[in-house]
Each structure stands twice: as C-alpha cells, then as structure tokens.
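Here the structure is laid out as structure tokens; the discussion comes afterwards.
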2 protein chains.
Amino acid sequence: MPASAQIPRNKSARRTEIRRENERLILDAAERVFAEAGFGGATMQLIADLAGLPKANLHYYFPTKEALYRRVVRNIFEIWLDAASTFDGAEDPATGIGGYIDAKMEISRRHPHGSKVWAAEVMQGAPVIQDYLETTLKDWTDGRIRVIQGWIDQGRMAPVNPRHLLYMLWATTQHYADFGHQIETLNHGAPLTERQWAEAKASVKAIILRGIGAA
Amino acid sequence: MPASAQIPRNKSARRTEIRRENERLILDAAERVFAEAGFGGATMQLIADLAGLPKANLHYYFPTKEALYRRVVRNIFEIWLDAASTFDGAEDPATGIGGYIDAKMEISRRHPHGSKVWAAEVMQGAPVIQDYLETTLKDWTDGRIRVIQGWIDQGRMAPVNPRHLLYMLWATTQHYADFGHQIETLNHGAPLTERQWAEAKASVKAIILRGIGAA
DNA sequence: TCGTTTTCTGACCGTATGGTCAAGTCACAG
DNA sequence: CTGTGACTTGACCATACGGTCAGAAAACGA
C-alpha cells in the first residue's frame, strides 16, 4: 500500500475537487468585483486576475458574464433566506425579531460583498431575480406578516404595521453592509471593531424592540 | 416698444436659457440612467436618447461621462443636506426626528433615482464623493449627534446610541427609494398610493419615536 | 503505457463605447 | 445686414470588452 497514491475515494475525485476549487475561486472574486464595480462596471478580466486564473478559464466554468452574475446573486439570496429561519421557532416577538436582527447583522458583517450585489440588483429593478421577488420573497414575507400579526393579536407587542416593520428590519440591518464604507469613513476610516459591532446590534435591537412594545 | 422683442433682461438671456434647459434635460436623463444601470452600465448614447439630444451635444455641456456623473451625485447630496435642516430648529426629539423622517421619506418619494445613484456610489466605496463623506457629512453627523446627546442628557428621550440612531434613520428612509422596486413588487406590482406612503411614514415614525422614548 | 476525457490558455475577433472633430446652424450685438 | 461667437451634429477613431477557438496539458481508466 504505497503512501504516495492519492486517495481517490470515488471515481475522478481529483477532477471534482479541481472543479469545485476553481468555481469557488471564481465566485469569490466575482462577488467582490460585482460588489465594487456593479454588473456593468465589472470586467471578466478583473475577476480573472483576482481569482488568479486566465480569463478564458472563467468562460470554461461559466459560459457568460451574466451566468456568473446569476450564480453570485442566487448564492447571497440563499444565505439571506437561511437567516429567516431564526424567525420561525420563536414564541415571542423579543426572541423572534431580536434573533432575526442578530442573524441579519451577522450576514451584513460576514458577507458585505454579496449584500451589496443584492442591493444593486434590486435597485436596478431586479432584472435577474424578479421571479424570486415575486415567488419566494413574497411567500416568505406574507408568512412573516402573519406571524407578527399573531403576536399583535395576542397582545404581545404594539399594533404596528407588520409589513413596514419588516422593511425597517431589512433596511437597518442591510445598511451596515451596503453603507459599510460610509460607516467606516465616519468611524475615522477604521472598520467596526468587535465591540462596535456588538454596540450596533444592541442599539438596533433596543430601539426596535422598545419601538414595537416588546422590550 | 414692439411687443415682438424677446425681453432679454441682461445680455444673451436666450443663450443662458438654452444652456440651462439643456443641462436640465441631460441631468434628468443621466440621473435616471445612472440609477437604472449604474455608472459602468450607463452609456452616453442612452442618456442622449432619453434627453432627446445627439450624443455629441452631451459632450459639449459635460466634457466626460465622469464629469456628468459627478454633477448628478453632487445634486442629490445637496438635496439630501437640505432635508437636514429639519433637524435643527426643533426643541424636542419628537419634532426634530419626526420631521427629519418626514423630510427624508419625501425625498425618497420625489427623488428615487438620485437616491439610488447615491447609494450605488457609496456601496462602491465612494470613489467620487469620498471627500464629501470625510468633511461635510462627518461634520453634519457630529453636530447631530451632539444635538441628540443633548436631548438624552435633558431626559427628553431614552439613552440610545445617537450614532446608530442616525444610521437607522438613514437606512429606513432611504430604503423606500433604493428598494422601491422590491416594495412595489411586494405591493402587487403597484407603486405605493398616497395613502400607503402616509401609512409608511406613520409606521416608521411610530416605531422609532416610541423606540427612543420620545413618543 | 496508451487512448480518452477533462481542464487549461494564448491568441484572436466583432462590437460597443467614450470621446473627438470639423463643418455646420443659430443667436445676437453693433 | 454682417461679423462673431455660442451651440449643434453626423461621421469618425481608438480602445476595451465579452466571447471564441484550436491546440496543449493534465487527469483518468484500463
């Protein structure tokens, strides 16, 4: 049993690995470039350089610039939807909404590029993900509105408009990603520290939870 | 005194008029195209078509695409700063912050394109207006934080972090412009009605003012 | 080792875009 | 009416970009 042999568990494990690794490199680079330059301002050459691959290689894995962009947007949308689960298990608004704020703030912190790509896509009229807005997002929103309305009916929180509450949650949490550069500039040009992120989360939760009478 | 004479108050009033009118046409078209396609995706040809002028004429009034873009961004920044005045005259937080919310919501409604251009610019790291962030915006922010801190010290509102309160105000109000398309999609594809805008404003004010203990 | 399939890549192409220019047209002062 | 200078515009140019392709290299199964 020679130790030199590469352990190909199943057939062509190495090739699968290569493919996965390169797609990862390309998607990471693309997310960043799309975020920093927008779809129109991004160039395949720049993405290729950042990924450390020749441009032609990008077109081997992703046929067109738009296909690559689609994948980037879909990825962030899925991350975004995952955070939604926080909402579901909760019994009371303080836990459910507080947890949702924490989860979305964490996404803003961990995936600032993806967040910006999503924002830019929506701002430009969602040419690529309009169907997601009309189906998945709409269903999710309607469901969450029902949950909030339930809390209101049970007297667990003030009778606010659930839809606008949701918009406020989205706006406030995403702001820390999308306008991160502005926040950084107003923070003497330095990124928020661990402590400052905690302060931000606490502030947002404090104002909103008290604002809906669930503090 | 022949009535036919064009009343040129000062010299070459007609030419001044032509220039002003054309710059207006170009800036309006540019604001919209930059908002819908981003700086990189916008083309001078598209802006020219929308303005109803030949492309070469755009370059007569604005030497480069970037110069045109600069003007668009500066314009929205000035509108944005004007709304800030609402903050100043107020004695108590309910009036000051409530008025600021109204003013910024109104800007989101009246200038959705400009708002998006501004957002995209900041998201991309503010390559054009970085100096504004570091000077004007920073000064304004510091001043307003002092005002809010004053209210807190006087016991007129809860001791929230003034900076994060400001961020929340910006985020929430701009959301109605920047994510207007998403909001419209979730509103059965229709723009918000007069009544719905009023509801939005009222909801935002209710939650925030109660959230800071100024309701 | 050998043939097959997948991955890699430099060179190339057609097009679209920002910008230029020279020859016009028009406003207007004298 | 005429000269001057501001405005207009179709035609043009250089460049950059998305995308293609043919052939080399590497991985793989037998």
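All of these numbers come straight from a predicted model, not from anything done at the bench. In what follows, chains are A, B, ... by sequence order, proteins preceding strands, each numbered from 1.
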When the ring planes of [X] and [Y] are compared, do they come out parallel, tilted or perpendicular, using 30° and 60° as the limits?
| X | Y | value |
| --- | --- | --- |
| W170(B) | Y167(B) | tilted |
| W118(B) | W80(B) | parallel |
| F87(A) | W151(A) | parallel |

At under 4.0 Å between heavy atoms, what does [X] touch on the DNA or RNA strands: base, sugar-phosphate, or nothing?
| X | value |
| --- | --- |
| A48(B) | nothing |
| Y61(B) | sugar-phosphate |
| L53(B) | nothing |

So, is [X] close to the [N] phosphate, meaning a side-chain N or O under 4.0 Å from OP1 or OP2?
| X | N | value |
| --- | --- | --- |
| Y60(B) | dT8(D) | no |
| R19(B) | dA6(D) | no |
| N57(A) | dG10(C) | no |

Check the interface with nucleotides 20-22 of chain D: list each N/O to N/O pair with the protein under 3.5 Å, or write none.
none

[X] [atom1] to [N] [atom2], straight-line distance once rounded to whole Å:
| X | N | atom1 | atom2 | result |
| --- | --- | --- | --- | --- |
| D49(A) | dT9(C) | CG | C1' | 14 Å |
| Q45(A) | dA16(D) | CD | P | 12 Å |
| E23(B) | dC7(D) | CD | P | 9 Å |
| Y69(B) | dG18(C) | OH | P | 15 Å |
| M44(B) | dT20(C) | CE | P | 10 Å |
| R20(B) | dC7(D) | CZ | P | 14 Å |
| F34(A) | dG18(D) | CZ | P | 9 Å |
| I18(B) | dC26(C) | CD1 | C1' | 8 Å |

State whether R70(B) and E121(B) are salt-bridged, where the test is any N-O pair (Lys NZ or Arg NE/NH1/NH2 against Asp/Glu carboxylate O) under 4.0 Å. no
Above 12 or not: heavy atoms from other molecules or residues under 6.0 Å from CZ of R32(B)? no
Tell me if a side-chain donor or acceptor on K201(A) pairs with a main-chain N or O of Q196(A) at a distance below 3.5 Å. no
Selection from dT17(C), dT9(D), dT7(C) that lies nearest to any side-chain heavy atom of P54(B): dT9(D)
Sole residue of T136(A), T141(A), D142(A) in side chain to side chain donor-acceptor pair (under 3.5 Å) with K138(A): D142(A)
